[in-house]
S.K.: 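Mind having a look at this structure? Questions to follow.
Nothing fancy with the numbering, it's 1 onward along the sequence.
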Amino acid sequence: MEGVDISQFKHLIVVPTLAALGLGSPSAVNLVTGTALAESRGAYLRQINGGPALGFWQMEPATHDDCWENFLNFPAQSRLKRVLEGMLSNDLPKCAQLVGNLRYASAMARIRFYRVGAPLPMADDAMELSLYHKQHYNTYRGAADPAANAPLFRRAVQA
């Protein structure tokens with residue numbers, strides 16, 4: 001199942017969000033877009049098996065909170081923190097906004113990758129983007145299969 005038009009999603013949500021962060025290279029855009037497809041098929045807002053993951057990027061609350069506590073709350077990241085805070089609505093806790101606030105959720109996915117510090121793959125290399133997702137977002141114990149997800153990243157590249 002898929003929920004959103006991937007081209008609209010990429011160009012109307014991911015591109016302007018990552019540009020606002022100053023982290024919007026073509027590789028980053030394709031990685032974040034492909035990650036939403038790999039994690040939730042762009043359709044699911046809660047983890048299907050009842051797990052804790054939230055939103056199209058299926059970020060776990062512990063990962064979200066770690067991004068804030070051990071990265072964004074430090075003075076060196078004050079610009080990123082300010083931009084992210086500008087994306088938040090006032091009526092929900094930050095973590096709850098991973099479900100319905102697409103700009104914030106895509107920004108947090110980018111922050112998760114940005115913290116890694118490893119160079120991003122080439123923007124048009126779907127297999128390498130999928131491998132990067134597996135290694136730096138899903139982890140070795142996670143269910144992501146880079147070979148099976150490569151076509152999803154190819155769709156992100158082509159969108």
S.K.: If you round to the nearest 0.5 Å, how far is CG of Asp125 from OG of Ser27?
M.R.: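 Atom-to-atom, Ser27:OG and Asp125:CG are 9.5 Å apart.
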S.K.: Between Arg115 and Asp66, is there a side-chain heavy-atom distance shorter than 4.5 Å?
M.R.: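 Yes; the side chains approach each other to less than 4.5 Å.
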S.K.: Report the residues that fulfil salt bridge (Lys or Arg N to Asp or Glu O under 4.0 Å) with Asp5, sequence neighbours left out, ordered by chain and then residue number.
M.R.: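 So Asp5 forms no salt bridge (Lys or Arg N to Asp or Glu O under 4.0 Å) with any residue.
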S.K.: If you measure from CG on Asp124 to CZ on Arg154, what distance do you get to the nearest 0.5 Å?
M.R.: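 The distance works out to 11.0 Å.
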S.K.: Assigning hydrophobic clusters by single linkage (Ile, Leu, Val, Met, Phe, Trp, Tyr; side-chain heavy-atom cutoff under 4.5 Å), is Leu92 placed with Leu72?
M.R.: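 No; Leu72 is not reachable from Leu92 via cluster members.
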S.K.: Determine whether a donor-acceptor pair (N or O, by modelled atom type, separation under 3.5 Å) exists between the side chain of Tyr132 and the backbone of Ala118.
M.R.: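 Flag set: sc Tyr132 to bb Ala118 pair under 3.5 Å.
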S.K.: Measure the shortest side-chain to side-chain distance between Trp57 and Arg110 over non-hydrogen atoms and say whether it is less than 4.5 angstrom.
M.R.: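 They are not in side-chain contact.
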S.K.: Can you name the closest pair of heavy atoms from Gly51 and Arg46 and give their distance?
M.R.: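 Scanning both residues, the minimum pair turns out to be O-NH2, 4.2 Å.
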S.K.: Below 4.5 Å, heavy atoms only, C-beta onward: do Gln58 and Asn138 meet side chain to side chain?
M.R.: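 No, every pair of side-chain atoms sits at 4.5 Å or beyond.
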S.K.: Give me the atom names and distance for the closest heavy-atom approach of Ala126 to Ala150.
M.R.: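 Heavy-atom minimum between the residues: CB-O, 3.6 Å.
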S.K.: Please list, chain by chain and in numerical order, all residues satisfying ring pair (Phe, Tyr, Trp, His ring centres under 6.0 Å) with Phe56, sequence neighbours excluded.
M.R.: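 Phe56 satisfies ring pair (Phe, Tyr, Trp, His ring centres under 6.0 Å) with Phe9 once adjacent residues are dropped.
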S.K.: Quick check on the hydrophobic clustering: are Leu129 and Val15 connected, directly or via other members, by side-chain heavy-atom contacts under 4.5 Å?
M.R.: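 Result: yes, single cluster for both.
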S.K.: Which distance, rounded to the nearest 0.5 Å, do you find between the CD of Gln77 and the CD1 of Ile111?
M.R.: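 Atom-to-atom, Gln77:CD and Ile111:CD1 are 7.5 Å apart.
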S.K.: Please say yes or no: joined through hydrophobic side-chain contacts below 4.5 Å, possibly via intermediate residues, are Val116 and Val29 part of one cluster?
M.R.: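 The answer is yes; both residues are in one hydrophobic cluster.
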S.K.: Mind checking the CD-CG spacing from Gln97 to Leu54? Nearest 0.5 Å is all I need.
M.R.: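 It comes to 12.0 Å.
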S.K.: What distance separates Asp65 CG from Glu60 CD, expressed to the nearest 0.5 Å?
M.R.: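 Rounded to the nearest 0.5 Å, the CG-CD separation comes out at 11.0 Å.
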S.K.: Is the closest side-chain heavy-atom distance between Asn30 and Phe153 below 4.5 Å?
M.R.: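 Side chain of Asn30 against side chain of Phe153, heavy atoms only: no contact under 4.5 Å found.
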S.K.: Are any non-hydrogen side-chain atoms of Lys94 and His64 less than 4.5 angstrom apart?
M.R.: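 Yes, at least one pair of side-chain atoms sits under 4.5 Å.
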S.K.: Side-chain donor-acceptor pairs under 3.5 Å in residues 78-87, sequence neighbours left out?
M.R.:
from: Ser78; atom 1: OG; to: Pro75; atom 2: O; distance (Å): 3.2
from: Arg79; atom 1: NH1; to: Leu21; atom 2: O; distance (Å): 3.0
from: Arg79; atom 1: NH2; to: Leu21; atom 2: O; distance (Å): 2.7
from: Lys81; atom 1: NZ; to: Asn73; atom 2: OD1; distance (Å): 3.2

S.K.: Please examine the side chains of Phe113 and Thr35, heavy atoms only from C-beta on, and report whether any two atoms are closer than 4.5 Å.
M.R.: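 The answer is yes, as the side chains (C-beta and beyond) meet within the 4.5 Å cut-off.
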S.K.: Does the Lys10 side chain pair with the main chain of Ala159, one donor and one acceptor, at a distance under 3.5 Å?
M.R.: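 Answer holds: yes.
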S.K.: Same hydrophobic cluster for Leu131 and Val157, using side-chain heavy-atom links shorter than 4.5 Å among ILVMFWY?
M.R.: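 Different clusters: Leu131 never reaches Val157 through Ile, Leu, Val, Met, Phe, Trp or Tyr contacts under 4.5 Å.
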S.K.: For the hydrophobic clusters of this structure (ILVMFWY residues joined by side-chain heavy atoms under 4.5 Å, transitively), does one cluster hold both Leu152 and Met127?
M.R.: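 Different hydrophobic clusters.
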S.K.: What distance do Ser130 atom OG and Tyr137 atom OH have between them, rounded to the nearest 0.5 Å?
M.R.: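 Rounded to the nearest 0.5 Å, the OG-OH separation comes out at 14.0 Å.
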S.K.: Compare every heavy atom of Thr17 with every heavy atom of Ser106, then report the nearest pair and how far apart it is.
M.R.: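 Scanning both residues completely, I find the closest heavy atoms to be OG-CG2, 3.3 Å.
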S.K.: Work out which heavy atom in Asn149 is nearest to a heavy atom in Ala144; give both atom names and the distance.
M.R.: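 Closest approach of Asn149 to Ala144: ND2-CB, 3.8 Å.
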S.K.: I need the minimum non-hydrogen distance between Asn101 and Ser89, along with the two atoms involved.
M.R.: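 Between these two residues, the closest heavy atoms are ND2-N, 4.2 Å.
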S.K.: Tell me the closest heavy-atom pair linking Gly34 and Ala156, and the distance in Å.
M.R.: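 Looks like N-CB, 3.5 Å.
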